[in-house]
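A short write-up of the structure that comes next.
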Amino acid sequence: MQADTQGRLRSARPLFIQAPPELAAALEDYRRVLHTAHPLKPKHSMGLPADVKRLSLALTAERGPGPQANYLSSPANLSAYLYYFLPWNLYRVSRLLHGLALDLPEGSSVLDLGCGPLTLVQALWIARPQLRTRRLRFVCLDQTGSVMRAGKALFEALAGEAGQAWSIEMVQGPLHKAPQGPFQLVTALNALNELAGGRGEEGRDALDRVAEVLTGRLAANGRLLLVEPGTRLGGGLLSRLREALMEEGLYPQSPCTHDAPCPMLAPRWRSWCHFTFPADGIPAWLARLTDYADLDKDRVSLAFLLMSGEQPQYKDVNSRVVSHRFALPGGQGVYACAEDGIRLMTFVQPPRGLLSGALVEAELPESPMRDPKTGALVCPLDSSAPGEVRGQQSSEMPGAPARETSERSPKVQAGERKPRGAGAPGRPPGAGRSGPAKSGQGKSAPGKSGPAKSGPAKSGPAKSGPAKAGARRAGPGGPKGPKGPRGK
């Protein structure tokens, strides 16, 4: 291939840097936090895996009514959520916060909408130890009082006396009852599906109302952080809300590398904006509970949006990797999002650092072509100039092509595979099922929207819904005692 038809990778900066030992230690200790703040009754401990599976099926069902209103007011559901879904959410949000350029000066105020069990507050404490001595005010709003009270008890057990520097105010009620602020940080984690429900014109009106509430409570120099599961629903909501927020005067800071219309909303593009990374450093007790609940995970995914009123200095050479590597005839490729649309970066030997979520600086070929099927700019990279990897990257996904996880729930990430080798004691790595759990969910776009005649062969995210109901093995449930679930 001629040199003028090849691009050159200058650098790749990972979004999810390698999980620090402190994160693994905090999550390993979180079982103690749970037993201290929310001890399980014997019947809930015995039935915990079944309760987790039942709640997962209700939350991740593609069709049907879903969970009942205020489902976390049920003691069994609340225990299942706190012991399983909350730790997984803490892990993925902490991983994001650990690598995200986000700071809170002394005296900052934070508004957390749809706060649940104070997931954001706890994740900040775990991921940002430098904030622990600063005087910060958190206003947490949710419609279920019991889950907020449980979350505050968990934070107190997690932080101890050191947590007294953080002021936590809980407000029970709907979105429109949120205090006016202004706040230096406004957040919503796994809550947009509930805050902005509806379809068509109704859905657009709901998104506009949410955008007005979010921007109306931001300080002049404030930032807005929204995090959703890496589902088509979650990613699509964020892409549409991004447009409404920009109309309110905000600019994307991350993951977007531009303020042009979101390419993911183009009619011919069938994927959505989300990022996937390996579940490194998950504690053994959580992996065992995941296994006993018959919900396999070895990776997690999320969609997120960081915005503020400050306009960044966008660079047209920058793009964000929005897929894992997939096979192509004669090599491999990744999709990346940029101001000029989706780019299809191809290469013979994969450069280091081209992972899901990586911020890439690359020169385009002098005369780039567009894939006639997807409209993506085809950018063959010169493998002899691999570029620079900035920052300590997360581990590479094993194998090629790598499969992305697609989570279904607005509250959880169920159905992903558990970390390899982290199962029940005595089980060899890889024992049991090796594939993802079954679901009725369809596949995402990268596989179906690859380059015409030479595109990747159906390499989109693997199906990731929960497996068929029913535990694989009998035995008592809760992670009670030194060896985790099954009562050991």
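If you read the sequence from its start, that first residue is 1, and numbering goes on from there.
For the atom pair NE2 (H258) and OH (Y251), the distance works out to 15.0 Å, reported to the nearest 0.5 Å. In this structure, CG on L189 lies 12.0 Å from CZ on F304, to the nearest 0.5 angstrom. With rounding to the nearest 0.5 angstrom, the CG atom of L250 is 8.5 Å from the CG atom of L214. Q143 CD to L141 CG: the interatomic distance, rounded to the nearest 0.5 Å, is 7.5 Å. Atom CG of L245 and atom CG of L207 lie 9.0 Å apart (nearest 0.5 Å). Annotation: the span from L238 atom CG to L233 atom CG amounts to 9.5 Å, rounded to 0.5 Å.
Side-chain N or O atoms of Q253 include one that pairs as donor or acceptor with a backbone N or O of E310 at under 3.5 Å. Checking side-chain atoms of D142 against main-chain N and O of G116 turns up a donor-acceptor pair under 3.5 Å. Listed for the S56 side chain is no donor-acceptor partner under 3.5 Å among the backbone atoms of V52. Side-chain atoms of R232 come within 3.5 Å of backbone N or O of R270 as a donor-acceptor pair. Side chain of W272 to main chain of G230: a donor-acceptor pair is present (N/O by atom type, distance under 3.5 Å, no hydrogens or angles). At distances below 3.5 Å, not a single donor-acceptor pair connects side-chain atoms of S239 with backbone N or O atoms of L265. Side-chain N or O atoms of E228 include one that pairs as donor or acceptor with a backbone N or O of L192 at under 3.5 Å. Here the side chain of R320 pairs a donor or acceptor atom with the backbone of G357 at under 3.5 angstrom. The closest donor-acceptor contact from the side chain of R217 to the backbone of V186 lies at 3.5 Å or more, if one exists at all.
At least one side-chain heavy atom of L154 sits less than 4.5 Å from a side-chain heavy atom of L82. A heavy-atom distance below 4.5 Å is not found between the side chains of F277 and S356. Inter-residue side-chain proximity for I126 and L23 is flagged as met; some heavy-atom pair is nearer than 4.5 Å. Between L305 and L241, the closest side-chain pair of non-hydrogen atoms is not below 4.5 Å. In this structure the side chain of Y30 reaches within 4.5 angstrom of the side chain of L86, judged on heavy atoms. No side-chain heavy atom of T257 sits less than 4.5 Å from a side-chain heavy atom of K315. In this structure, W88 and I282 have side chains that are in contact, with non-hydrogen atoms separated by less than 4.5 Å. Two residues are said to be in side-chain contact when any heavy atoms from C-beta on lie closer than 4.5 Å; I342 and M264 meet this criterion.
For the side-chain contact (heavy atoms from CB on, under 4.5 Å) test, no residue two or more places apart in sequence or in another chain qualifies with A25. Every side-chain contact (heavy atoms from CB on, under 4.5 Å) that P252 has, sequence neighbours left out, goes to R242, M246, C256, D259, M307, Y314. The side-chain contact (heavy atoms from CB on, under 4.5 Å) search around A266 returns W269, not counting sequence neighbours. For R137, the side chain to side chain donor-acceptor pair (under 3.5 Å) partners at least two apart in sequence or on another chain are E169. Listed by chain and residue number, W166 satisfy the ring-ring contact (aromatic ring centres under 6.0 Å, His included) test with F138 (two or more places apart in sequence, or in another chain).
Heavy-atom minimum distance, S308 versus R223: CB-CG, 3.9 Å. Closest of all the heavy-atom pairs between R95 and D280 is NH1-O, 4.1 Å. Residues V348 and G330 come closest through the heavy atom pair CG2-O, 4.0 Å. Residues A12 and G353 come closest through the heavy atom pair CB-O, 3.7 Å. Closest of all the heavy-atom pairs between V121 and C140 is CG2-SG, 4.0 Å. For F183 against P179, the heavy-atom pair with the smallest separation is CE1-O, 3.6 Å.
Ring planes of W125 and F155: perpendicular class, angle over 60° (limits at 30 and 60°).
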Side chain to side chain contact (heavy atoms under 4.5 Å, CB included) for Y84 and L286? Distances and angles first, verdict last. CA-CA 7 Å; Y84 177 77; L286 182 56; 4.2 Å; yes
Does the pair L55 and F85 meet the rule for a side chain to side chain contact (heavy atoms under 4.5 Å, CB included), with working shown? CA-CA 10 Å; L55 182 57; F85 301 111; 3.4 Å; yes
Verify side chain to side chain contact (heavy atoms under 4.5 Å, CB included) between L90 and T119, making sure each step is shown before the conclusion. CA-CA 6 Å; L90 286 175; T119 306; 4.0 Å; yes
For V360 and L354: C-alpha separation, side-chain torsions, deciding distance, then whether side chain to side chain contact (heavy atoms under 4.5 Å, CB included) applies. CA-CA 8 Å; V360 173; L354 282 187; 3.5 Å; yes
Hey, can you pull the donor-acceptor pairs under 3.5 Å for the side chains in residues 99-115, sequence neighbours left out?
unit_1 : atom_1 : unit_2 : atom_2 : d
D103   : OD1    : R134   : NH1    : 2.9
E106   : OE1    : R135   : N      : 3.2
E106   : OE2    : R135   : N      : 3.2
S108   : OG     : P105   : O      : 2.7
D112   : OD1    : T187   : OG1    : 2.8

